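I have a structure I would like to understand better, so I am pasting it below and will then ask my questions one at a time.
Nothing here was measured: the structure is a model prediction, and the numbers come from that model.
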Amino acid sequence: MPKRRQKVKRYHRSFYSRGDKIKKAIGIVVLAVVVLGAAWLAAPYVLDWATHTWYTVVRDRDLSASSEASSAASSEAASSSEAASSQAASSEAASSRPEPVAGTVIREGSWSAVSLSALGDEASIRSTAQSLAAQGVTYAVIPLKDTSGYVYYASAVPAASGSVAATVVDPALIASTFKEEGLVPVAELAAFQDPVASYTVRSMAIQYSGDGSYLWLDAANVAAGGKPWLNPYAASAVQFVGDLVEELYNAGFEQVCLSAVQFPHSTSSKQSFGETGGVSRDGQLRADIAAWDARFAGRVTLWYEYPLDSCTSVSPTLGALPAQLGVKNLVISLPAGEARDEAQLAQTTAQMKEMGAAHVVVRDSGSGSFY
């Protein structure tokens with residue numbers, strides 16, 4: 001009788017304790033983390049190697065050159081974008097700034113006369129300009145040639161060689177500084193009432209009719225206070241005044257006020273004006289004013305100053321009213337020490353404008369104030 005096969009009994013029992021299982025699980029997790037971390041760190045290099053191999057071996061391309069070109073293109077695009085942005089910002093800023101006003105433009109605003117003693121150096125010029133601006137002044141009038149014949153800056157005009165005063169100012173510095181402070185600098189020049197240049201270039205002066213070697217004086221003699229005058233009929237005298245205006249324009253003055261554009265108050269048979277061509281006094285002054293206006297058209301705004309009595313009635317000094325001489329920008333000077341008659345001023349101003357004057361300013365000769 002065959003033997004029966006003995007069955008082997010199998011037990012599904014683990015020989016690991018609970019602690020061993022936990023340690024094993026932790027080990028597996030740590031290993032997985034290490035492997036993944038290594039893979040993450042190595043991935044860029046592997047991808048870079050693979051990409052480089054693809055382009056250099058398979059595609060036969062220089063990847064480094066392509067990268068440089070791409071980088072350059074990117075940098076250029078960034079620069080273009082930055083430049084465009086900067087240009088747009090500049091354009092926006094420029095559009096927000098007010099347009100500069102030309103120095104020849106006549107503006108609304110108050111006027112003030114400036115003493116030369118306040119313009120001795122750069123610091124005082126700046127301080128004076130700032131003070132005037134703080135007071136709301138627009139026009140600052142600087143006397144650079146007066147009726148004594150003296151020029152208060154270092155003029156290079158030959159006919160002014162004997163006219164330069166001992167103490168002078170710097171017109172270019174004054175003009176630039178005043179403009180920086182928002183002011184309109186106006187150079188004031190006396191035209192034909194000039195006893196100094198009359199002696200320097202005698203042909204420019206009114207002559208004594210009895211003897212051409214003598215100059216006519218506005219009083220009996222020098223001892224009596226007599227002084228010579230420039231001759232409004234003399235082309236050289238008109239040229240001389242224009243050359244001074246030109247010189248100051250080059251120094252930065254775009255507005256100039258001319259006074260004493262007239263004949264002497266006294267008339268005499270002893271006055272010799274040379275060849276007049278039969279032109280009347282008012283006709284000659286009209287021609288002189290037209291010559292200066294034409295010479296400086298678009299470059300210098302010219303003002304002409306006349307006393308009140310020359311604006312209310314025709315005097316021998318002009319032969320007509322200022323507006324009838326072609327004056328467009330008029331300064332009426334009030335006599336010193338006299339009360340201001342508002343009604344008369346309003347009437348005179350209206351009359352001058354009706355005759356063609358575009359702008360009229362009133363000046364108090366005593367105080368130097370403007371209205």
Side-chain angles (χ1 to χ4, degrees), residues 102-106 141 144-145 147 157 159-160 184 186-194 197-198 201 203-206 229-250 253-265 267 271 273-307 309-333 348-349 351-361 363:
T104 55
V105 173
I106 295 178
V141 182
L144 295 175
K145 179 177 180 286
T147 55
V157 175
V184 179
V186 181
E188 184 177 28
L189 300 175
F192 297 129
Q193 189 174 356
D194 185 342
S198 294
V201 183
S203 62
M204 296 195 304
I206 300 172
W229 280 59
L230 294 179
N231 182 4
Y233 283 99
S236 55
V238 177
Q239 177 73 30
F240 168 60
V241 175
D243 289 346
L244 293 177
V245 174
E246 185 81 46
E247 194 170 50
L248 290 170
Y249 164 72
N250 291 330
F253 284 87
E254 294 168 284
Q255 301 208 25
V256 173
C257 181
L258 295 174
S259 62
V261 181
Q262 63 183 65
F263 287 84
H265 288 85
T267 59
Q271 293 171 333
F273 297 102
E275 182 56 50
T276 65
V279 178
S280 63
R281 290 191 171 197
D282 59 298
Q284 185 58 42
L285 291 177
R286 188 178 295 108
D288 295 344
I289 290 171
W292 292 323
D293 286 348
R295 177 174 177 178
F296 298 106
R299 297 190 297 146
V300 180
T301 295
L302 292 173
W303 295 80
Y304 296 89
E305 181 174 356
Y306 290 100
D309 59 1
S310 292
C311 300
T312 56
S313 61
V314 176
S315 67
T317 61
L318 303 182
L321 297 176
Q324 294 174 319
L325 299 177
V327 171
K328 300 301 181 185
N329 307 311
L330 173 64
V331 177
I332 300 175
S333 58
T348 303
T349 298
Q351 183 182 21
M352 291 298 101
K353 288 187 175 181
E354 287 175 2
M355 292 182 175
H359 303 91
V360 179
V361 175
R363 177 179 189 172

Next on the checklist: How close do Met204 and Ala159 get, counting heavy atoms only, and between which atoms?
Outcome noted: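 Heavy atoms only, the tightest pair is CE-CB, 4.0 Å.
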Checklist entry - What are the two closest non-hydrogen atoms of Pro316 and Arg281, and how far apart are they? => result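 What the structure gives for the nearest pair is O-NH1, 3.2 Å.
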Item to check | Heavy-atom check, side chain of Tyr304 versus side chain of Leu325, under 4.5 Å | outcome: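 They are not in contact (no side-chain heavy atoms under 4.5 Å apart), so the answer is no.
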Item to check | Donor-acceptor under 3.5 Å (Trp303 side chain, Glu188 main chain) | outcome: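 Not a single qualifying donor-acceptor pair exists.
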Next on the checklist: Apply side chain to side chain contact (heavy atoms under 4.5 Å, CB included) to residues Ser236 and Val201 and explain how you reach the verdict.
Outcome noted: CA-CA 9 Å; Ser236 55; Val201 183; 5.5 Å; no
Checklist entry - Rounded to the nearest 0.5 Å, what separation is found between the SG atom of Cys257 and the CG atom of Leu144? => result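 Output value for this atom pair is 11.5 Å.
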Next on the checklist: What I'd like to find out is whether the side chain of Leu302 reaches to under 4.5 Å of the side chain of Val245, using heavy atoms alone.
Outcome noted: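 Of all side-chain heavy-atom pairs linking Val245 with Leu302, at least one is under 4.5 Å.
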Next on the checklist: Do Leu189 and Leu248 make a side-chain contact, defined as non-hydrogen atoms from C-beta onward lying under 4.5 Å apart?
Outcome noted: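 They are in side-chain contact.
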Next on the checklist: The test is side chain to side chain contact (heavy atoms under 4.5 Å, CB included); show your working for Gln271 and Asn231 and say whether it passes.
Outcome noted: CA-CA 10 Å; Gln271 293 171 333; Asn231 182 4; over 6 Å; no
Next on the checklist: Return the CG to CD distance between Leu258 and Glu305, rounded to the nearest 0.5 Å.
Outcome noted: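 That separation rounds to 10.0 Å.
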Checklist entry - Which distance, rounded to the nearest 0.5 Å, do you find between the CH2 of Trp229 and the CD of Gln262? => result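 Reported to 0.5 Å precision, the distance equals 4.5 Å.
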Checklist entry - Would a 4.5 Å heavy-atom cut-off, applied to side chains only, mark Val314 and Leu321 as touching? => result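 Val314 reaches Leu321 side chain to side chain.
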Next on the checklist: Given 3.5 Å as the limit, does a donor-acceptor pair link the side chain of Arg363 with the main chain of Val331, or not?
Outcome noted: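 No, the answer is negative, given that no donor and acceptor are paired below the 3.5 Å cut-off.
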Next on the checklist: Could you check whether any side-chain N or O of Glu254 sits under 3.5 Å from a backbone N or O of Ala102, counting only pairs where one atom can act as donor and the other as acceptor?
Outcome noted: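 No: the side chain of Glu254 does not pair with the backbone of Ala102.
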Next on the checklist: Quick check for you: to the nearest 0.5 Å, what is the distance between Gln239 atom CD and Arg295 atom CZ?
Outcome noted: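 Going from CD on Gln239 over to CZ on Arg295, the span is 5.0 Å.
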Checklist entry - Mind checking what makes salt bridge (charged side-chain N to carboxylate O under 4.0 Å, His left out) contact with Asp282, not counting sequence neighbours? => result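 Testing Asp282 for salt bridge (charged side-chain N to carboxylate O under 4.0 Å, His left out), a comparison that skips the adjacent residues, returns Arg286.
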Checklist entry - Would you say Leu285 and Pro232 make side-chain contact, with heavy atoms under 4.5 Å? => result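 Answer yes - side chains close enough.
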Checklist entry - Nearest 0.5 Å, what's the CE-CD1 distance between Met352 and Ile332? => result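 Those atoms lie 7.0 Å apart.
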Item to check | Smallest separation among heavy atoms of Ser333 and Pro307, with atom names | outcome: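 Closest approach of Ser333 to Pro307, heavy atoms only: OG-CA, 3.2 Å.
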Next on the checklist: Any non-hydrogen side-chain atom of Phe192 less than 4.5 Å from a side-chain atom of Val238?
Outcome noted: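 In contact.
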Checklist entry - Closest approach of Ala191 and Val261, non-hydrogen atoms and distance? => result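 Minimum heavy-atom contact is CB-CG2, 3.9 Å.
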Item to check | Side chain proximity check, Asn329 to Gln255, heavy atoms < 4.5 angstrom | outcome: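 No, too far: nothing below the 4.5 Å cut-off.
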Checklist entry - Distance from Ile289 atom CD1 to Gln284 atom CD, nearest 0.5 Å? => result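 Separation between the atoms: 10.5 Å.
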Item to check | Side-chain touch Phe240/Asp194, heavy atoms, less than 4.5 angstrom | outcome: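 Yes, side chains in contact.
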Next on the checklist: Could you report the tightest heavy-atom contact between Ser310 and Thr317, atom names first, then the distance?
Outcome noted: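 Ser310 and Thr317 have their closest heavy atoms at OG-OG1, 4.1 Å.
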Checklist entry - Could you walk me through whether Leu330 and Tyr306 pass the side chain to side chain contact (heavy atoms under 4.5 Å, CB included) check? => result CA-CA 8 Å; Leu330 173 64; Tyr306 290 100; 3.9 Å; yes
Item to check | Aromatic plane relationship, Tyr233 with Phe273 - under 30° parallel, 30 to 60° tilted, over 60° perpendicular | outcome: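 It falls in the tilted class, 30° to 60°.
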